[in-house]
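Here is how names work: the chains are called A, B, and so on, in the same order as the sequence lines, proteins then strands, and each is numbered from 1. Basis for what follows: all heavy atoms, side chains included, without hydrogens, waters or symmetry-related copies.
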Amino acid sequence: MSDTAFAAVFYLFAALSVVPAIMIFVGRDVVHGAFWLLGTLAGFAGLYLMLGADFLGFTQILVYIGGILVLLLFGVMLTQRTPVLLGRTRAARAIPAGIATVALGLFLAKKLIGAPGMSRLSESLKVKGATEPGATRELGSLLLTDYILPFEIASVVLLAALVGAAYVARRGSGENP
Amino acid sequence: MRGDNPPPVFETYFGLLVLLTLSAGLAAALLAVSAVLGPRRHESATLDPYECGVPSAGDLRRRTSVRYYVTAVLFILFDLEVAFLWAWAVVFHESPLENLAAMGVFIGVLGVGYAYAWAKGAFEWD
Amino acid sequence: MSLAVLLAAKAVVLVLLLLNLVPLLVWVERKASALIQDRVGPNRAGILGLRFAGMFHNLADVGKMLTKEDIVPAGVDRLPFVLAPALGLTVALAAAAVIPVADVWSSGGRSVPLQVADLDVGILWVFAVSSLGVYSIVLAGWASRSRFPLLGALRSAAQLVSYEVPLALAAISVALCFGTLRPNEIVEAQGDLVFGALPQWGILLQPVAFVIFVTGALAETNRLPFDLPEGESEIVGYHVEYSSMKFGMFMMAEYIHVAVASALAATLFLGGWQVPWLPTEALRTHAGPVLAGLGAIGALGGAAALAGALRLPRGVTAPRSRDALAIGGLGLAGVVAGLAAAATGLGADLGPGARATVAAAAQALAFGAKTLLLCFGFVWVRWTLPRFRYDQLMRLGWRQLTPLALANLVLTAGALAALGELSR
């Protein structure tokens, strides 16, 4: 597989991540925004795969797209009456928002330009682990040895969320089916 | 594999991209063929939303029940647990007893939440 | 560039296989339902007097759906409305990428995995891509801007996510037994024998997980007893506003889902491409007799077709004389080809490449037989069980299957740990 093909695929996923993000920004329909987010998250999953992070890429699809985005959609459909929620943004808000965006963009660009291996795309993506498929095993081992405490704490976080969901469910059970 | 070319792992995943492209192309072709071949002779009633024959009234996108939202929350919690389990299943045999204990605690804590949710009626649909 | 060509070829073959499975499954569904309900089933459509037991009805369906008016109701969100069926079909096809139909073909230093992508976390890919199917449904329901589709979409989406957890837990139980998520390794491990006699297929090690998996797969594919979107008693399917091929694409996606779910179940639980008691090496060493056996199977099939054709009414004026001729001819050709293959297998000396090919063919045949058997199971269930009510469906998923799958997983892990300690 040539460098050109690699670069082409990279730009495909980069476009898939960025273009829907812009559509969310300029669009006014919240539900459309949620659907556009599907493209952005899928593009990121593709980039993860190109880095050789297969487990991360697939869990990104499984959890973010298959789970959290569904929650987002249900939430939006639950709360809104009309498809258009956002009114026109006032100019007074647009100016500080624009300044913040440009500042963040400059900051990130500076970091990126200084990063090693930026001259060649495939070099910059050839990080440790990207040459060896099958990082899942190492990831699992680390999770169950070095990072066992955060791992178990995650279950407590999930427990808290579960209790919250049960509470919402009980309050909601009396409403329209 | 190929000197300083892209990582070989890329070649493994390239097949997924090829298949996705092919499938999407097929779907697009089916849509196009159907749009070209199909006749166009509808009346205005044809284009009305389906309402069992009654003229529709009111906003067609009403707010939905909170139950669906709760189901999605419950799903995410278990989906995250499952995401950990995938990685755990792969490395389980490296030290079975320790890994059994680690996941036992994890599932146990979630089990408490599951029992609570059950008792609070989160799994009731009536 | 040969890699890209090879990948493209494999992808094209896979897509063609799945596309051809759709009409086959529709035909099996119609004929099996007729059999179960003591009817004859569709048998009218024909080409040049050939009817082939109603098989051409599927062709007629395709033609009809392609040439029907493509209604886009007023007020729908056009782009999402069109994208929804395309997305559904795309993810259904893409999910099959990691399923191996046979062991890696290898000869003379070249090795070709017989699947589109041989991933280290292949099983995860199936689940990840299948989870995108829920968007096809929500998108369709939302874009339709109509009450029933929206309600139906929410219900279907909630159903899909609810059964994803037990389904994944069942698959994890199998992955836990074999310690890998690579489909080929899982299948390979199922070739080992337990008690020195039985191949350790997933169904033998994890019978409970198999039941959970099949139940979850029925729900994920929207098949009866979980087919609320299509249920006559519940007119709230997410595809109510769809017509022509867009509707057809939802149906195609459903049947492809059935095929992929069956293939995955065969891979995880029924030994995938394993021919029982015959590992790849044995198949390659004894390629001659294996080819002879394959030929014999083909000849038997041809003979059965021939016998069936002879029982059809004969004579130029008989209504199905052409069917009898065509089926009989095909049967005869099958007999001849089978016998020729058998003779080649017994007589000729096969090279290493031919040996690998014969082994792969035998394994692909075994895999296909297992997958089709499970597909038939899907059809059988549909015409046997009554439909669930929505609250029953959610209760089964959350209050019975999920805890059962978790308990099964913990017990499996405990048993594996105990076995590990004992053998130390």
The interface call for A:L158 against chain B, heavy-atom contacts under 4.5 Å, is both
Of B:I107, B:L80, B:V109, B:V112, the one forming a side-chain contact (heavy atoms from CB on, under 4.5 Å) with A:S155 is B:V109
Okay, B:L17 and chain A: the region with an atom under 4.5 Å from a heavy atom over there is side chain
Under 4.5 Å to a heavy atom of chain A? For B:I76 that would be side chain
Counting heavy-atom pairs under 4.5 Å with chain B, the top scorer among A:G57, A:A160, A:A161 is A:A161
Side chain to side chain donor-acceptor pair (under 3.5 Å) pairs touching residues 141-151 of chain A, sequence neighbours excluded, are A:S141-B:E94
On a heavy-atom basis, the closest approach of A:V63 and B:A83 is CG2-CB, 4.2 Å
Whatever's closer than 4.5 Å to a heavy atom in chain A on B:F92 counts as neither
Q) With side chains defined as the heavy atoms from C-beta onward, is the minimum distance between B:V90 and A:F55 less than 4.5 Å? A) no
Output for pair (B:Y68 OH, A:F74 CZ), nearest 0.5 Å, gives 8.0 Å
What one should report as the nearest heavy-atom pair of B:A102 and A:E152 is O-OE2, 2.6 Å
**Message:** I'd like to check A:F151 versus B:M103 (side-chain heavy atoms, cut-off strictly below 4.5 Å). Are they in contact?
**Reply:** yes
Minimal heavy-atom distance between B:A87 and A:L139, with the atoms involved, is CB-CD2, 4.5 Å
Whatever's closer than 4.5 Å to a heavy atom in chain B on A:L62 counts as both
Heavy atoms of B:F75 and A:G67 approach each other most closely as CE2-CA, 3.6 Å
Bottom line for B:F106: the part with an atom under 4.5 Å from chain A's heavy atoms is both
- prompt: Does any non-hydrogen side-chain atom of A:V9 lie less than 4.5 Å from one of B:F14?
  reply: yes
The reported gap from CG in A:L162 to CG in B:L74 (rounded to nearest 0.5 angstrom) is 6.0 Å
Residues of residues 12-25 of chain A with a heavy atom under 4.5 Å from any heavy atom of chain B, in residue-number order, are A:L12, A:F13
- Query: Can you check whether A:L143 reaches B:F84 side chain to side chain, under 4.5 Å on heavy atoms?
  - Reply: yes
